[in-house]
Amino acid sequence: MARVAVRYSRRASRFLPSISKNEPFLSSTFSSTPENANPGRPGPPPIRVALTESSGRGVFATRKIETGELLHTAKPILTHPSLSSLHTVCYFCLRKLRTADASQPQSVSYCSQECQQQAQGFHDIEMTADWSAYDNYCRSNGLKYPLLVKRLACMVMSGAAHANLLDILQPASLTPEMISEMEEGFGLLRNAFINSNITGEQMSFLTKQWYIGILARIRINAFRIELAGGYNDLLSSLAASIEAEAAVGNAVYMLPSFYNHDCDPNAHIIWIENSDARLKALRDVHEVMEASLLNSFSSTINPPNKLAIFSEKWDWCLLRRKKCSLAVCQGASSGGNAKKISGFSSAATLMDAGSLVLSPNDQKVKKENNTAVKELVPFVEMHDGIGIVKFLRGKGFFITGGTGFLAKVLIEKILRTAPDVGKIYLLIKAKTKEAAMERLKTEIINTELFKGLRQTYGKSYQAFMLSKLVPVVGNVCDSDLGLGDDIAALIAKEVDVVINSAANTTFHERYDVALDINTKGPCNLMAFAKKCKKLKLFLQVSTAYVNGQRQGRIMEKPFCIGESIIGENSTSETPPGFESLDVENEMKLAMNSKGAYEDNELAQKMKDLGLERARKYGWQDTYVFTKAMGEMVIDDMRGDLPVVIIRPSVIESTCKEPFPGWMEGNRMMDPIVLYYGKGQLTGFLVDPNGVLDVVPADMVVNATLAAIAKHGMAQKPDINVYQITSSVVNPLDFQDLSKLLYEHYNSSPCMDSKGRPINVPSMKLFSSMEDFSDHIWRDATQRSGLTALASSNGKLSQKLETMCRKSVEQAKYLASIYEPYTFYGGRFDNSNTERLMDSMSEEEKKKFGFDVGSLDWKDYITNVHIPGLKRHVLKGRGV
């Protein structure tokens, strides 16, 4: 359900003493009964809209309003049917027609003589013009709101409306590029009127500024009209709603918020048979209780005069425009239980069946001897979702590791879906500001990943990107992040969200190097984050493999300081002389050990030390061990700061956005995939029954943004872990992967240096290093011709043998690094992640989806990932 908006507040209490005063220019009371309602039934509850002492507009109830009670019937001030519904609905009120004639392209119909009379003025104007070019422009670009602008222009010309009818509504923020795109529509609209001999005086209001201003207001104030009625029975109505077949057009209403889709949700809105909106209370509202505090834009309105003009039209604060989820409430015969239908969530609040469904005249549906009516009553639950885009608007971000693979996908998604985001400060390792700016342009702005934004903004692309992205010279390994005082103070003042995406992902890195960035880095960043004045969230990008050598189903739980995998085992399994993990001591050990080795052996000794310490405490390598300790210090230091830990598994190429298959560099499984395709690796060391846990980068980013919005708005002082993984919900086992690779490379082979296709055999899977080594040696000698040359040319034979042995050693080294992952016994639970997804609206799921369970691995591996590898990693070489 949408979040509760009804509440007592300090702001409301300061207003209560004056609520009884008569202030007609500040309030509007609804006590009349709709003209077609039952006279014996109570009218909609009286509501007063007034200004609070210091918090802008407030909406107050003058008596108790019951949950589910009909509040008001609001008529639209502007409507237009969708182009696909022109001949099937009333051209004025959008009621479905019983008969329709689409044989005449310009033919439209009305449901009644009353609708035809009300539409007479603007209809005569519309029928004088040829709208084919304008309609084609809307149809080809998937636009619906320009049709409403056309309707309003005709209404103004006919005298049915004022040109400033929508001025009081809040407009959308438009970029120069959006305005430029709107200019085409304006030109087509104006030409249609000019060609129909409309006089200049009639068109005097129709300027480019008027057109763009109206469209900017309609963009965020129009509702998609989905009719609940017009079907033979309730089951048909329910099915039509689920399939979204009921959408017939769009409409604009004059609402008290002046910003329809940003109010707090207090009421359902349903369209039963036409575009008249029926509003019903979501929950109980007590007398003189603040129903909704509407202060978002109070500073942009001169209260007394403008509010007085429109006070009569204020109805009630509506929900945002979101796709509804549906539940079925059964009547008294079934005890009022809720049922789930087609995956839609059931309602949180259930009411008596008779009070839920309204007839066309706003009366309750009578319970007759009709099973469908008696037992199946659709209850529309407005699922408001998380509000991801709303949260991102105007927010400031501070991101480390911004030039990395995942962070770039994150930045692109933020800028594409929320161009009105605030500044995004990127910590970049560089010697000077100029060098940092050069890295920003070379590694982010000018990369192919951002080509969609480049096309959207055209010549303004560079200016747009530089207005949002701010390169900051620094290093996460430094105690003060290497920031200058001025920029540190600015970031601390402006950022709302800190994201740590910086990491060293080398499995067998030097211990001191890995600790610096993976453990001390989060420590340094958290210390800075706690200085940020308005910080709402700290997010750590980790990895699911911080779970080390845990087995079975691995839950999404945070690490506490000093916790170790070995320490989780029973006492009998704990090695003799085992010591508890002390993160601070590990840092000291690495620092002290650096001085104990000669320069020529330092690097290898520090690598060995990291691996030794990791395995001592139950982790498979230095990378995941130091990342786990990074999580520990974050939890230890966070205090009351909300923290989110994102744990993806193996991140691979994008599945869909910004385009399929984008990636950068060799990810974990990619060397094996490429070597196999080139015929250089015909087998590998894996558990044949094991699973490769893979997730596309764009799904990781979408889950990250959903978590940021959810916990950034809640701001609870806790830590939440999300494992973005596939091994439980959609496992890809190695046997299936090997078959997919074989099928792909046989249908789309790589080419050798002479342009000939490389034929690859089925990939063989080995469960022991000995068997794998034997296979690699046999394969290398056969491919090199070493066996045939052994007796004829000794020198060449010796040279080839050396090359073969080198190849075998490289393959064995690769296999030894991957062995802890290719024989991994854990499966990552993602219950928290699935609950996060369930809290999203249907619209958000389409825009920010991360349902790993829905991935078709064959399609992803063969049609997305490998082609992406060939294009972005091989750069077309050998394709």
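Taking the side chain as every heavy atom from C-beta outward, Pro81 and Val248 never approach each other to under 4.5 Å. A 4.5 Å side-chain heavy-atom check between Leu86 and His80 finds at least one atom pair inside the cut-off. Side-chain atoms of Val389 and Phe848, non-hydrogen and from C-beta on, do get closer than 4.5 Å to each other. For the pair Glu126/Arg151, a side-chain contact is recorded, criterion being any heavy-atom separation below 4.5 Å from C-beta on. Between Asp135 and Lys150, some side-chain heavy-atom pair lies under the 4.5 Å cut-off. Using a 4.5 Å cut-off on side-chain heavy atoms (C-beta onward), Lys847 and Ile388 make no contact. In this structure, Tyr253 and Lys75 have side chains that are not in contact, with every pair of non-hydrogen atoms separated by 4.5 Å or more. The closest side-chain heavy-atom distance from Val252 to Leu152 is not below 4.5 Å.
Leu174 approaches Met178 most closely through the heavy-atom pair CD2-CE, 3.6 Å. Taking each heavy atom of Ile77 and Met155 in turn, the nearest pair found is O-CE, 3.8 Å. In terms of heavy atoms, Val108 sits closest to His123 at CG2-NE2, 3.6 Å. Residues Thr79 and Leu148 come closest through the heavy atom pair C-CD2, 3.5 Å. Between Asp167 and Asn164 the shortest heavy-atom distance is OD2-CB, 2.9 Å. Summarising the geometry of Ala172 relative to Arg219, their closest heavy-atom pair is CB-CB, 4.4 Å, with the distance given to 0.1 Å.
Atom-to-atom distance recorded for Ile214:CD1 and Gln209:CD is 12.5 Å, nearest 0.5 angstrom. Rounding to the nearest 0.5 Å gives a distance of 7.5 Å between CD of Glu273 and SG of Cys93. Annotation: the span from Ile218 atom CD1 to Leu166 atom CG amounts to 5.5 Å, rounded to 0.5 Å. With rounding to the nearest 0.5 Å, the separation of CD1 in Ile225 from CG in Leu94 is 6.5 Å. One distance of note links SG of Cys154 with CE of Met127; it measures 8.0 Å at 0.5 Å rounding. Taking CG from Asn274 and SG from Cys90, the interatomic distance works out to 8.5 Å, rounded to the nearest 0.5 Å.
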Check residues 111-119 and write down every donor-acceptor pair under 3.5 Å in which the side-chain atom is one partner and the other belongs to a residue at least two apart or another chain.
residue	atom	partner	partner atom	Å
Ser112	OG	Cys115	N	3.2
Glu114	OE2	Gln118	NE2	3.4

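Between the side chain of Ser180 and the main chain of Pro176, no donor-acceptor pair closer than 3.5 Å is present.
Exactly one of Tyr134, Phe205, Tyr211, Trp131 qualifies for a ring-ring contact (aromatic ring centres under 6.0 Å, His included) with Phe193. That residue is Trp131.
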*asked:* Quick one, Met157 with Leu206, criterion side chain to side chain contact (heavy atoms under 4.5 Å, CB included). Give me CA distance, side-chain angles, the key distance, then yes/no.
replied: CA-CA 10 Å; Met157 291 179 188; Leu206 187 56; 4.3 Å; yes

*Report the C-alpha separation of Ile212 and Phe186 in whole Å, then their side-chain angles, then the decisive distance to 0.1 Å, and conclude whether the side chain to side chain contact (heavy atoms under 4.5 Å, CB included) test is met.*
CA-CA 8 Å; Ile212 291 172; Phe186 167 71; 6.0 Å; no

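The aromatic rings of Phe223 and Trp271 are tilted relative to each other, their planes meeting at an angle between 30° and 60°.
A salt bridge links Glu842 with Lys845: the closest approach of a Lys/Arg side-chain nitrogen to an acidic carboxylate oxygen falls below 4.0 angstrom.
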